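Written out below as structure tokens is the structure these notes cover.
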Amino acid sequence: MRLAPLGRSWTPAPGLFVLGLALLAGACDESNIQKGRPQIAVEPQALVFPTLNRLETGQQTLTVRNVGTATLAITGLRVEGDAAFALDSWNGQALAELALPVGLVQPGAAGASSGALVLHLTPPAEGDFQAELVIDSSAENFPELRVPLSGRSAVPDIDAQPPLLNFGNVGLQSSASLSLGLSNQGEADLIIEAGGLTLESGAADAPFLVVAGALRLGQGESQPVEVIYAPRSVRVDPDTGAVVPDTDALLIASNDPDEDPLRVPLEGRPAGNLPPSVGIRVIAATQLDGTPLADPCAPAPSDSLRFEALVSDPDGQTIQGSNLYWTVEQKPVGSFSEVVTNPDAFHPTFKADLTGQYTVCLSARDPQGNRSLYDAAAACTCAEAQAGGDYQCPCVRFDAYPREDIRVELVWDLLGPDLDLHLLAPDATLQSDFCQPTRDCRFNPQDPQDPGWVRTACVPSGAITACREPNCDATAAGCASGQDCYDNGVDGPACFWRTCSGQDCYWDGRHPDWGALGDAEDDPLLAIDCTGGCRAENVNLNNPAQGIYTLLVNYYAPFQGEAQATVRVYFKGDLVPSAEYTSRLTGDCDTWIVANLEWIDPENHPLLYLGDAHSEMCCE
């Protein structure tokens, strides 16, 4: 008969047993069988398996010998006792393929006088296991030989020393290594498979590295493992600017049921001359007239922003203002805006000259010349910079949206030429109103912030206008609200507006009084007049009166080369222009008549491009 793999008992069928004996008799000399006596012996006398893990398979080999004077027939093999024990093979042949009886010749005869029987123990749980191997044979001394089998299942107990690997200070682009001692304090073998040591972060760019193959440690055995720390970058605390240590943990997966995985914390600190930690905040914003903005992160073009530089050197050095470097990394095409660091580089100002998105960045250099870096593409929004840590945002990004109902921007390609933007009021004509100046007596033209300015009445005298100090009673003279009374000593008391307004908003009429006279809320404003070193101008208008406005660009003398001009038209809250026109101006007095803008209401304001029309009107 054939046994199933890893069978526990083995007794051949009667017919097969008789046939086996006959075969043995035919192969041997009959006289020797009758004269000799087979005897059996085994080595060792008992099989003791090593301590195993649960479900781990252990193997032991029993040598079976014929020590008699005649052939020994092995007729049966079985295991009695715990089912964790099992038969495996005879002389390398699986028992499932072996037919009994098996003969062992007497010592000195031709053939094998011994055989190797392999047994397995696979404990299903922790504890002690006992059984007997029973060998049935033709031996006269032990026809039924019993061999004790014993084994034990226990657990390993992993231990790592030291319990924390602290590498201390390690220079950038260098490395340090520490040894971690792994040991087994349990009874069963500790098994760590290949790849069983991993980093908790799982980060491919982690500064910690461990390289170890598979490990098997018996009771009381130990093995060192090398862990490497190689810092390649520095992180700083966004609130304090201090260097943040690199931390991770080594996870050791094993067959220890209580600590799988075992966690060993790792810590190291980049050292050396580290660059300063840098951050930006927007601390204030004011409109063109000086009115503060409630939200400094919601500027419009022409508003002034004030930044605060937050700088800390991890090495404790003092950073001077001369070692701060402000850069406008992103701005609209044609913008000439830059950060103004005079007089205080730690609290500079910035004015957005055009509608669009801006990115302002700051870097700092320590006394040893180590300069901080930034990534403009990863800039914080203004709100993020306000809410985050002090050193979290070396770059801040913000949008400048039009606050007015109408915003017209002019930019050109080259420094040198002086181009001027014009906006004509409804019903104005090119022949009579183009370049008509405005006399604004609401403030001192030499010092708009002059608190002692009193010459507020704009008094015309023929073609000339002048600012005069009111000298009579406006109420008695019947003046309207917003008018002043002035008596020239000839004509008697008369009422005058504070602005002698033309119908053209341009460099010599930057803030004419349009719409409701005396109401500054509906007047246009040339917010930026570029006279040199820049290439942008803009006109803003809130609460416009209904009518058709005309947009023009004039090349102001002297001629300094051709210039390509671009005009963009925005409406309130738009970051993208509703229209954009381009033309080339080729000489002084070249006036480009760009487009008509018909204002009906905030939802209806069509634009009509005038087909690149030009004239030679001069603006003296």
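Position 1 is the first residue of the sequence, and the numbers go up from there. Every value quoted in this text rests on a predicted model; they were computed, and no experiment measured them.
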Shortest non-hydrogen contact from [X] toward [Y]:
X    : Y    : value
C485 : P493 : SG-CB, 3.7 Å
T359 : A379 : CG2-CB, 3.8 Å
A480 : W497 : CB-CH2, 4.3 Å

If you measure from the SG of [X] to the SG of [Y], is it under 2.5 Å?
X    : Y    : value
C500 : C458 : yes
C395 : C380 : no
C589 : C619 : no

request  = Check the side chains of S583 and H614 for a donor-acceptor pair under 3.5 angstrom, ignoring hydrogens and angles.
outcome  = yes
Is there a side-chain contact between [X] and [Y] in this structure, where contact means two heavy atoms from C-beta onward sitting under 4.5 Å apart?
X    : Y    : value
F346 : L324 : yes
R281 : L310 : yes
T381 : V396 : no
F307 : V360 : yes

Inter-residue atom distance [X].[atom1] - [Y].[atom2], 0.5 Å rounding:
X    : Y    : atom1 : atom2 : value
T349 : N342 : OG1   : CG    : 9.5 Å
I528 : N540 : CD1   : CG    : 8.5 Å
Y549 : N596 : OH    : CG    : 12.5 Å
T566 : L410 : OG1   : CG    : 8.0 Å
T429 : Q436 : OG1   : CD    : 9.0 Å

salt_bridge([X], [Y]) N-O dist < 4.0 Å:
X    : Y    : value
R498 : D513 : no
E338 : K331 : yes
R407 : E409 : yes
R584 : E562 : yes
R568 : D574 : no

task = Measure from the side-chain N and O atoms of R232 to the backbone N and O of D205, and report whether any donor-acceptor pair falls under 3.5 Å.
result = yes
is_close_aromatic([X], [Y]), centroid dist under 6.0 Å:
X    : Y    : value
F350 : Y358 : yes
Y581 : W592 : no
H422 : F434 : yes

request  = Step by step, work out the disulfide (SG to SG under 2.5 Å) result for C495 and C479.
outcome  = CA-CA 5 Å; C495 299; C479 296; 2.0 Å; yes
More than 12 heavy atoms of other groups within 6.0 Å of N604 CG = yes
ask   = Does atom CD1 of I464 have more than 12 heavy-atom neighbours, drawn from other residues, nucleotides or ligands, at distances under 6.0 Å?
value = no
key: Which residues share a ring pair (Phe, Tyr, Trp, His ring centres under 6.0 Å) with H605, sequence neighbours left out   = F571, W599
task = Under the salt bridge (Lys or Arg N to Asp or Glu O under 4.0 Å) rule, collect the residues that match up with R371, sequence neighbours excluded.
result = none
